[in-house]
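Structure in structure tokens, see below.
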Amino acid sequence: MVEQFQAPKGTHDVLPVESYRWQQLVASFAQVMGGAGYGLVQSPMFEDIGVFQRLGEGTEVVRKEMYDFYDKGERHLALRPEGTASVVRAFNQHRPTVPWKVWYVTPCFRYEEPQAGRFRQHHQVGAEALGSADPDLDAELIATQHDFYQRLGLKSVSLRLNSMGSANDRRAYTEHLAAWLGQRLDDLDPQDHPNASEHPLRVLDSKRERSRRIIAQAPHITDFLSDEARAHFERVQAGLDALGVAYELDTRLVRGLDYYTHSTWEFASAALSGAQNAVGGGGRYDGLAESLGGKPASGVGFGAGIERILLAADAEQALDTDGGAVEVFVVDVCGGSAGRDITFELRRNGISADRAFDGRSMKAQMKVADRSGARVALLVGTDELAADTVTLRYLRSGEPQVTLLRSGLVEQLAPLLARA
RNA sequence: CGGGCCGUAGCUCAGUCUGGUUAGAGCGCCGGGUUGUGGUCCCGGAGGUCGGGGGUUCAAGUCCCCUCGGUCCGCCCA
């Protein structure tokens with residue numbers, strides 16, 4: 001017996017009918033972003049590992065979840081753990097005119113233990129605007145992301161917003177926080193001790209009960225904002241207010257990616273439970289382009305997890321799997337030649353059509369026709385073949401069946417389909 | 001990294017606690033009936049190394065040990 005292969009741990013196949021929801025989701029995203037002047041960017045799924053390492057020392061996905069490997073040329077590469085780094089690298093490499101507004105859809109890889117809504121390969125849609133520090137772009141991206149969820153019919157999604165200030169503000173706050181936490185180590189959960197000194201911002205994310213009690217009293221980043229950073233943040237909020245996007249300010253929101261400055265935000269779904277309730281998030285990143293070897297350039301963007309969104313959609317019964325069905329199903333019990341020819345005649349004239357294969361019985365073919373979702377079946381039996389006709393049978397209504405002439409089929413069919 | 005649960009028909013699962021005739025159901029597949037040769041209704045049939053290995057027993061899907069795989073929770077993230 002030969003080994004039976006299956007998808008690697010933490011990965012999954014997306015098959016019809018489920019994949020139809022993916023198509024809808026991605027199509028919606030393309031439409032929303034395209035309609036806002038964002039163009040599609042396709043970049044490699046793997047990069048020199050340095051591209052991702054520059055995302056920051058405190059970034060969990062970089063520290064311990066990187067899916068890295070050496071190629072035959074001894075290059076140290078890594079599969080992308082998130083979408084922004086490649087886009088910024090591409091921006092540095094090609095120097096497009098700014099603001100450069102792009103969107104993407106991509107798999108993301110993180111080597112970790114899989115769980116509900118958490119995979120080794122998951123998929124994200126996302127968008128970035130590079131080369132401009134205008135706070136209206138922060139607001140534009142947040143509002144567009146919001147509109148995207150709305151368009152999908154998600155009602156339980158809520159937005160939390162924070163500002164990390166400028167790089168200097170962030171640094172000053174981080175140092176202050178480290179010192180503050182250092183004096184209260186005994187009150188923190190022991191598991192958070194390493195982060196308290198190494199990555200103090202991560203501690204704000206802690207969900208451990210004991211730590212949370214202390215965190216509630218921690219100093220607020222917003223008290224460390226420079227006038228400029230404060231003005232930026234206020235403009236973003238004014239934008240969201242004007243655009244009717246509800247949000248909640250949360251000074252503890254730091255997010256897992258280390259590179260954020262100024263705006264940082266996260267959309268969570270109340271329909272998802274536990275630690276996997278984030279359906280997307282983003283922020284501004286002032287230093288990233290430079291740390292990737294480019295000229296200083298600001299940028300802002302977000303990512304949203306497709307699997308998470310679909311989990312939320314499940315819970316809310318949004319985004320159905322209906323649709324994707326052909327209009328016509330051709331049943332041929334006379335060898336399949338007529339079925340083959342009619343199917344293509346319809347398709348080439350813009351009518352979607354499918355047929356049965358393997359010379360199955362009329363009964364079996366009709367069952368397939370029924371399940372296919374097609375509205376009508378076209379039947380070719382010996383009678384029809386002899387008379388050069390085709391029988392049209394309605395599969396979704398009780399209307400009586402109709403005999404059509406084999407020639408000029410498309411012209412006869414079009415009006416019937418239009419009202420069926 | 002720590003912990004829970006699950007591997008039985010192509011698919012979704014029951015049966016395992018309390019070991020005992022030929023291991024079941026629904027869907028799918030094939031055939032028959034009804035039908036306008038013709039989906040939905042009815043009847044029948046095919047299909048199973050009970051994840052793998054070892055052990056206990058007169059007897060193991062069921063109990064014990066080992067092992068492989070999946071899944072979920074915590075931490076963190078999408």
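A, B, ... follow the sequence lines: proteins, then strands. Residue 1 opens every chain.
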Side chain of A:Glu384 only, heavy atoms from C-beta on: which candidate in B:rG28, B:rU37, B:rC1 is closest? B:rU37
For atom C1', what is the distance between B:rU62 and B:rG39, given to the nearest Å? 42 Å
Side chains of A:Ile309 and A:Tyr149 in contact at under 4.5 Å (non-hydrogen atoms): yes
Is it the case that B:rG39 (base atoms only) and A:Arg393 (side chain only) share a donor and an acceptor within less than 3.5 Å, ignoring hydrogens and angles? yes
Between B:rA78 and B:rG3 - P atom distance, rounded Å: 28 Å
When all nucleic acid strands are considered with a 4.0 Å heavy-atom cut-off, which category describes A:Glu65: base, sugar-phosphate, or nothing? nothing
For the side chain of A:Lys363, starting at C-beta, report the closest nucleotide among B:rC1, B:rG33, B:rC76. B:rG33
Map A:Pro114 and A:Gly303 onto RNA chain B by nearest heavy atom, then report which one ends up closer to the 5' terminus. A:Pro114
Ring-face cation of A:Arg120 near A:Tyr111 (centre distance under 6.0 Å, axis angle within 45°): yes
Report yes if a donor N or O on one partner sits less than 3.5 Å from an acceptor N or O on the other, where the partners are the side chain of A:Lys367 and the base of B:rG28; otherwise report no. no
Whole angstroms only, please: what is the NE2-P distance between A:His199 and B:rC75? 19 Å
Between A:Arg347 and A:Phe344, is NZ or CZ placed under 6.0 angstrom from the six-membered ring centre and within 45° of the ring axis? yes
A:Gln401 atom CD is separated from B:rU40 atom P, nearest whole Å, by 16 Å
Kindly point out which of B:rA78, B:rC1, B:rU37 is positioned nearest to the side chain of A:Glu113? B:rC1
Please find the pair of heavy atoms, one from A:Ala377 and one from A:Ala369, that lie closest to each other, and give the distance. CB-CB, 4.5 Å
Give a yes or no on whether a donor-acceptor pair under 3.5 Å exists between the nucleobase atoms of B:rA78, that is its base, and the side chain of A:Arg110. yes
Per atom distances to the A:Lys9 side chain, the nearest of B:rC29, B:rG70, B:rA78 is B:rG70
Select one nucleotide: of B:rG39, B:rC29, B:rC76, the one nearest the side-chain heavy atoms of A:Met366. B:rG39
Between B:rG15 and B:rA9, how far apart are the C1' atoms? Round to whole Å, please. 14 Å
Taking it one step at a time, do A:Thr84 and A:Glu128 satisfy side-chain hydrogen bond (donor to acceptor under 3.5 Å, both in side chains)? CA-CA 7 Å; A:Thr84 301; A:Glu128 316 282 343; 2.8 Å; yes
Give the nucleotide from the list B:rU37, B:rG28, B:rA78 with an atom nearest to the side chain of A:Asp383. B:rU37
If you compare every side-chain N and O of A:Arg118 against the phosphate oxygens of B:rC75 (OP1, OP2), does one of them come in below 4.0 Å? no
So that I know where these two stand, are A:Trp100 and A:His94 an aromatic pair - ring centroids less than 6.0 Å apart? no
In whole Å, measure the gap between the C1' atoms of B:rC50 and B:rU8 for me. 4 Å
Please report the distance, rounded to the nearest Å, between NE2 in A:His12 and P in B:rC72. 10 Å
Pairwise P distance, B:rU12 and B:rG70 [rounded to whole Å]: 15 Å
Base-pairing assignment for B:rU12 (Watson-Crick or G-U wobble, both under 3.5 Å): B:rA25
What is the distance from CZ of A:Arg396 to P of B:rG39, rounded to the nearest Å? 14 Å
With rounding to whole Å, what would you report as the distance between B:rC13 and B:rG7 at their C1' atoms? 12 Å
B:rA46 - base-pair partner by Watson-Crick or wobble geometry, distances under 3.5 Å: none
Of the options B:rG70, B:rC75, B:rC29, whose atoms approach the side-chain atoms of A:Gln6 most closely? B:rG70
Nearest of B:rC29, B:rA78, B:rU37 to any side-chain atom of A:Glu266? B:rA78
Is the centre of the A:Trp265 ring less than 6.0 Å from the centre of the A:Tyr247 ring? no
Can you tell me how far P of B:rA78 sits from CD1 of A:Ile309, to the nearest Å? 12 Å
Kindly indicate whether the side chain of A:Gln121 and the base of B:rA78 share any N or O donor-acceptor pair separated by less than 3.5 Å? no
Pick base, sugar-phosphate or nothing for A:Gly117, based on heavy-atom distances below 4.0 Å to the nucleic acid. base
Applying the Watson-Crick and G-U wobble criteria at under 3.5 Å, what pairs with B:rG2? Answer none if nothing qualifies. B:rC73
Taking only the side-chain heavy atoms of A:Asp205 (C-beta and beyond), determine which of B:rU37, B:rC76, B:rA78 contains the nearest atom. B:rC76
Should the side chain of A:Thr382 and the base of B:rU37 be counted as holding a donor-acceptor pair, with the cut-off at 3.5 Å? yes
N/O donor-acceptor pair, side chain A:Arg208 with base B:rC75, under 3.5 angstrom: no
Among B:rG69, B:rU37, B:rC72, find the nucleotide with the atom closest to the side chain of A:Ala116. B:rC72
Taken to the nearest whole Å, CZ/A:Arg120 to C1'/B:rU71 is 13 Å
Note, A:Asp134 side chain near A:Glu140 side chain (heavy atom, < 4.5 Å): no
For the P atoms, the ones on B:rG55 and on B:rG10, what distance do you get once it is rounded to whole angstrom? 28 Å
May I ask you to say what A:Ala278 touches in the nucleic acid, namely base, sugar-phosphate or nothing, with a heavy-atom cut-off under 4.0 Å? sugar-phosphate
Suppose you measure atom P in B:rG4 against the same atom in B:rC11; what distance do you get, rounded to whole Å? 29 Å
